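Here the structure comes first, spelled out in structure tokens, and everything after it is commentary.
Chain identifiers are assigned alphabetically (A, B, ...) following the order of the sequence lines, protein sequences preceding nucleic acid strands; residue numbering begins at 1 within each chain. What you see is a predicted model, and the numbers here were worked out from it, not measured in a lab.
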Amino acid sequence: MDAERRKTLEETTRWDPGAVEQGVFDRWMEGGWFHPSAEGSPAENYSISIPPPNVTGALHMGHALNGSIQDALIRLNRMRGRNTMWILGTDHAGIATQSVVEKELAEQGTPRLEMGREAFIEKVWEWRYRYGNTIVEQYKRLGASCDYERERFTLDEGYVKAVYRVFAELYRKGFVYRDNYMVNWDPGTQSAISELEVENREVTDTLYRIAYPLDDGGELIVATVRPETMLADTAVAVNPNDERYRDVIGKHAILPLVGRRLPVIADEHVDPEFGTGALKITPGHDQNDFEIGRANNLQEISVIGEDGLITDQAPERFRGMTAAEAQAAVIAELRDQDLLRGEEPYAHNVPFSHRSGERIEPLISLQWFCRMDELAKHAIDVVNDGRVRFVPAEPHTKVYLDWMERIRPWCISRQLWWGHRLPVWYRGEETYVGEEAPEGEGWEQEEDVLDTWFSSALWPYATLGWPDTKMPEFQAFFPTDVLVTARDIIFLWVARMIMTSLEFTGEIPFSDVYVHSVIQAPDGRRMSKSLGTGIDPLDEIAEHGADALRFGLFAMSSTQDVRFSQARVQQGRDLANKMWNASRLILLNARDDVEPGPRSERVEDRWIASRLHRAIATVSESIAAYDFSHAVLDLYDFFWSELCDWYLEIVKPRLYDGDDGDEDASASLLWALDQVLALAHPFMPFVTEEIYSYMPDPSAEALVIHRFPQVDDQLIDERAEEEIGGAIALTRALRRWRDLAGVPAKQVLTARADDREPHELVSRLARVQFSEDGGEPIASVSGVELLETEGIDPRAVEARIEERRQKLRAEVKRGEGKLSNEGFVAKAPADVVDAEREKLAAYRAELEELGG
RNA sequence: GGGCGCUUAGCUCAGUUGGGAGAGCGCCAGCUCGACAAGCUGGAGGUCACUGGUUCGAGCCCAGUAGCGCCCACCA
């Protein structure tokens with residue numbers, strides 16, 4: 001180590017992430033270690049495709065957790081020597097991006113519609129080049145080791161080809177079709193959306209009861225929360241088993257305000273218990289009614305248009321009103337005509353657009369759909385036969401399978417400008433679908449674009465060059481190994497990737513789906529900007545460092561939703577700092593002329609090697625089970641409690657005095673440091689890499705490509721663990737006694753060892769001088785007799801002893817009770833009973849020693 | 001309406017197949033001990049939501065109750 005580096009190490013007493021993280025990241029990039037060669041087979045290689053963030057997006061806590069997990073897996077496998085690729089890219093995010101740009105342009109005084117499609121698209125591309133890299137740069141701050149040289153975008157030229165290929169093929173196979181069908185119309189974005197983009201919210205509406213006169217006298221009373229839709233009624237339905245209405249089935253009612261004759265039909269869907277048991281049927285504006293309408297061949301009338309206004313299918317006086325205005329007008333007229341039979345508040349679930357937040361207007365509209373049932377079959381099979389595995393298996397496997405079993409057609413067209421314009425061309429009555437525009441004059445391309453999720457569905461293979469299956473990247477890295485995601489997009493995205501991948505590549509896209517936590521705000525609410533509950537991961541990184549945030553997220557993560565915990569991030573910061581300082585101790589004091597490696601001469605060296613390898617085992621097992629929380633917490637425990645609190649304290653004298661055993665101490669410490677840095681690197685890459693750069697004679701060019709430690713059973717040493725474990729327990733017992741007896745911290749006690757030889761380290765760490773001399777014992781602690789010493793408060797000592805006696809008596813009583821229980825002795829396993837007997841004997845002996 | 005999950009220390013959470021309740025933070029007491037005060041040492045603190053059951057033994061298994069949360073669903 002040159003003098004300047006040494007000086008830095010000496011003077012930097014705190015880990016300062018802000019000062020070094022950027023430099024560390026640059027070294028990784030310069031090393032080219034994130035950019036694998038496209039060689040080898042998918043079986044021997046390791047790859048993950050990132051859930052593509054929206055190109056408009058900013059890194060939020062969900063990305064941070066999701067990214068940290070993937071990065072840990074990627075780094076681990078890279079360190080295990082596999083050719084490893086983390087496929088990076090962004091999503092064009094149709095609606096989200098279009099609205100961001102649209103808003104910006106509107107503020108500048110140019111509404112989108114005025115501007116025209118082409119000019120607008122151009123503006124969005126400009127915007128994309130200006131800001132689209134923001135989130136990618138933010139992933140770098142997190143330390144994400146993606147392949148930044150192969151970044152993709154869902155509107156790349158090649159990607160569009162893949163999308164068009166898939167669309168055209170699905171059309172050719174008869175899965176994709178165009179139809180007039182009931183869709184979820186989002187008035188906010190003026191587009192159809194799929195049922196997965198709809199969320200139900202509880203709303204209190206007014207439930208109106210309205211009398212529909214029958215044409216031969218009498219009336220039927222229907223109940224509705226949307227009286228304005230009655231203008232489009234085409235039937236009234238009752239339950240066929242409802243005695244009250246048996247003889248009106250087949251008759252006709254007269255629709256008030258309109259005068260249309262409505263057949264009274266029978267349908268099982270009608271609940272006789274609800275309202276009056278008579279249901280107005282509006283096939284044009286209600287999902288349920290639409291289906292009843294199709295089943296009964298009813299006319300479909302649309303009185304609310306895509307602009308949300310009443311259409312000319314309604315009586316003239318209502319035309320042009322908004323739905324809300326029409327409702328008021330309808331109610332007013334009904335009241336005048338004395339047809340209103342009641343109104344009451346009614347709480348029910350109402351669909352809202354996930355995108356715009358506006359209330360969904362179910363409308364019949366000409367849209368493109370994709371039939372999913374056949375695609376779903378294979379996607380069900382691969383989960384059933386375990387080729388694709390959810391982690392945790394439950395509840396996700398069941399939820400996935402249930403949903404796939406009753407999958408519905410997917411509305412894939414969107415009335416937007418930003419996205420993949422459908423590869424469909426019309427000329428008069430003709431329709432052409434293909435990857436390229438058709439030959440000939442007069443063809444007009446479809447105006448609609450595809451649902452963003454349609455292109456996302458191809459992500460794992462389209463990013464690697466498909467449909468060109470000869471692409472080296474595709475051959476080397478597809479199928480990928482694992483998909484890491486939160487559960488909210490299992491249907492929207494994960495299921496669809498599995499379906500399209502099986503259909504078009506014949507392969508599963510990934511074998512594991514790891515579903516991680518959703519991070520909530522500390523108070524348990526959703527983390528969201530609009531609620532003001534969001535916590536910006538970049539703020540956390542700026543304040544505590546990327547390693548701290550990553551550690552915190554790992555520590556929090558589970559299979560349940562979790563609340564964000566600042567304390568966990570601070571724990572990570574503290575650990576990074578501890579690593580830095582422990583490393584300073586080692587690097588500044590160890591001899592650099594030794595060959596690092598485990599040493600077996602001294603028990604404490606054997607002990608740390610054994611403990612280290614147990615830690616390697618548990619951490620590795622946890623990662624294999626995707627249990628990141630236990631992985632990092634076990635790592636923390638090993639590093640802090642065993643390596644720092646005990647081993648470093650134990651070896652310090654050998655290190656400082658440069659005498660007896662210092663070579664072994666140095667070799668052992670440098671080796672342990674090397675191993676533990678590698679073990680921690682997937683989780684805390686920056687601090688570990690920076691420390692590694694100070695290692696004398698490092699075995700690897702950089703820690704990022706250092707070999708990940710493997711368990712060596714030869715190093716597990718039960719006897720060393722027992723011996724040092726005993727010394728630790730004794731040290732702690734003595735310290736406890738000192739504290740309780742009020743012995744000043746610096747005062748050295750004298751003691752006599754009773755029938756065993758305490759380790760030298762106990763003497764030092766507990767500040768107890770062992771002596772052969774006699775003297776009056778004033779206390780006995782775990783077999784060690786403490787001798788009379790000046791300055792000890794005898795009352796405190798007696799109190800301490802009495803407290804111990806109390807505890808022992810309680811333990812003895814408990815043990816006796818248990819062992820005198822015939823059931824226990826007869827039925828409990830022998831080893832449990834033996835253990836209980838041994839404990840009891842030990843407690844009795846100690847109690848006797850303390851005089852009762 | 002159906003399904004699932006949660007309830008453990010003041011707070012956030014761990015608790016493997018049933019065999020003496022754990023961590024981090026916070027709190028209390030004492031420490032400038034030649035890495036670290038973002039530190040060191042010691043300590044206090046829990047009817048494991050409630051009720052009942054199974055068992056020699058239950059935080060863990062079973063049944064029920066209450067509260068919270070999530071997902072699914074076409075009762076207007």
Q. B:G24 and B:G3: how far apart are their C1' atoms, nearest whole angstrom?
A. 35 Å
(Q) Is it the case that atom CZ in A:Arg201 sees more than 12 heavy atoms from other parts of the structure closer than 6.0 Å? (A) yes
(Q) For A:Arg732, is the CZ atom crowded, meaning more than 12 foreign heavy atoms sit under 6.0 Å from it? (A) no
Q. For atom P, what is the distance between B:U55 and B:C62, given to the nearest Å?
A. 16 Å
**Q.** Side chain to side chain, A:Thr731 and A:Trp646, heavy atoms closer than 4.5 Å
**A.** yes
Q: Give the rounded distance in Å between these two atoms: CG of A:Leu587 and C1' of B:C36.
A: 14 Å
Q. When you match A:Asp739 and A:Pro17 each to their closest nucleotide on RNA chain B, which lands nearer the 5' end?
A. A:Pro17
Q.
Please give the distance between the C1' atoms of B:C4 and B:A73 as a whole number of Å.
A. 15 Å
Q: Rounded to whole angstrom, note down the P distance from B:A23 over to B:A66.
A: 36 Å
Q) Which listed nucleotide (B:C70, B:U41, B:A38) is nearest to the side chain of A:Arg573? A) B:A38
Q.
For a stem of at least 3 consecutive Watson-Crick or G-U pairs with distances under 3.5 Å, i pairing with j, i+1 with j-1 and so on, which stems involve RNA chain B?
A. B:1-7 with B:66-72, B:10-13 with B:22-25, B:27-31 with B:39-43, B:49-53 with B:61-65
Nucleotide N/O to protein N/O under 3.5 Å, stretch nucleotides 73-76 of chain B:
unit_1, atom_1, unit_2, atom_2, d
B:A73, N6, A:Asn349, ND2, 2.7
B:C74, O2, A:Asn288, OD1, 2.7
B:C74, O2, A:Asn288, ND2, 3.2
B:C75, O2, A:Asp271, OD2, 2.3
B:C75, N3, A:Asp271, OD2, 2.8
B:A76, OP2, A:Tyr346, OH, 2.6
B:A76, O2', A:Ala223, O, 3.2
B:A76, N6, A:Asp271, O, 3.1
B:A76, N6, A:Phe274, O, 2.9
B:A76, N1, A:Asp271, N, 3.4

(Q) Classify A:Lys839 by what it touches in the nucleic acid, base, sugar-phosphate, or nothing, heavy-atom distance under 4.0 Å. (A) base
(Q) Of the options B:C40, B:G24, B:G19, whose atoms approach the side-chain atoms of A:Lys578 most closely? (A) B:C40
Q | Rounded distance (Å) that lies between atom P of B:U16 and atom NE2 of A:His630 | A | 9 Å
Q. Closest heavy-atom contact between A:Met61 and A:Leu553?
A. SD-CD2, 4.1 Å
Q) Yes or no on side chain to side chain donor-acceptor pair (under 3.5 Å) for A:Tyr636 and A:Ser641, after CA distance, side-chain angles and deciding distance? A) CA-CA 8 Å; A:Tyr636 177 97; A:Ser641 308; over 6 Å; no
**Q.** Pairwise P distance, B:C71 and B:C60 [rounded to whole Å]
**A.** 29 Å
(Q) For the residue pair A:Arg5 and A:Tyr694, would you count it as a cation-pi contact if the rule is NZ or CZ under 6.0 angstrom from the ring centre and within 45 degrees of the ring axis? (A) yes
Q) Less than 4.5 Å apart, any side-chain heavy atom of A:Ile623 and any of A:Phe683? A) yes
**Q.** Spacing of the C1' atoms in B:G30 and B:A37 (rounded, Å)
**A.** 14 Å
Q. What is the nucleic acid contact for A:Arg584, judged by heavy atoms within less than 4.0 Å: base, sugar-phosphate only, or nothing?
A. sugar-phosphate
Q.
Under 4.0 Å from OP1 or OP2 of B:C70: is there any side-chain N or O of A:Arg487 that close?
A. no
(Q) From the set B:G24, B:C36, B:G19, return the single nucleotide nearest to any side-chain atom of A:Tyr636. (A) B:G24
Q: Could you check which of B:G19, B:C36, B:G39 has an atom nearest any side-chain atom of A:Trp640?
A: B:G39
(Q) Is it the case that the side chains of A:Thr282 and A:Lys280 hold a donor-acceptor pair, with the cut-off being a distance below 3.5 Å and no angle test? (A) yes
Q) If the C1' atom of B:C61 is compared with that of B:G2, how far apart are they to the nearest Å? A) 26 Å
Q.
I want to verify a distance call: between B:U41, B:C13, B:G19, whose nearest atom is closest to the A:Arg563 side chain?
A. B:C13
(Q) Under 4.0 Å, heavy atoms only, any strand: does A:Ala745 hit a base, just the sugar-phosphate, or nothing? (A) nothing
Q. What nucleic acid atoms does A:Arg738 come within less than 4.0 Å of, heavy atoms only: base, sugar-phosphate, or nothing?
A. nothing
Q) Does the side chain of A:Ile265 come within less than 4.5 Å of A:Val236's, by heavy atoms? A) no
Q | Between B:A21 and B:C33 - P atom distance, rounded Å | A | 39 Å
Q: Indicate whether any N or O donor in one side chain lies under 3.5 Å from an N or O acceptor in the other, for A:His269 and A:Asn288.
A: no
**Q.** Nucleotide nearest A:Val832 when distance is taken to its side chain, options B:G19, B:C72, B:C33
**A.** B:G19
Q. When the distance from CH2 of A:Trp580 to C1' of B:A38 is rounded to whole Å, what number comes out?
A. 15 Å
Q | Taking every non-hydrogen atom, the tightest pair across A:Thr688 and A:Met579 | A | CG2-SD, 4.3 Å
Q.
At 4.0 Å (heavy atoms only), tell me whether A:Tyr843 reaches a base, stays on the sugar-phosphate, or touches nothing.
A. base
Q) Between A:Tyr400 and A:Phe390, how do the two ring planes meet: parallel, tilted or perpendicular, split at 30° and 60°? A) tilted
Q: For A:Leu840 and for A:Gln571, find the nucleotide of RNA chain B with the closest heavy atom, then tell me which residue's nucleotide is more 5'.
A: A:Leu840
Q. Base, sugar-phosphate, or nothing: which does A:Arg568 touch, judged by heavy atoms less than 4.0 Å apart?
A. base
Q: Assign A:Asn577 to base, sugar-phosphate, or nothing according to its heavy-atom contacts below 4.0 angstrom with the strands shown.
A: base
Q) Which part of the nucleic acid does A:Gln560 contact within heavy-atom distance under 4.0 Å: base, sugar-phosphate only, or nothing? A) sugar-phosphate
(Q) Is the phosphate of B:G43 approached by A:Arg736 (side-chain N or O, under 4.0 Å from OP1 or OP2)? (A) yes
**Q.** Nucleotide of B:G15, B:G19, B:G3 approaching A:Pro829 most closely (side-chain heavy atoms)
**A.** B:G19
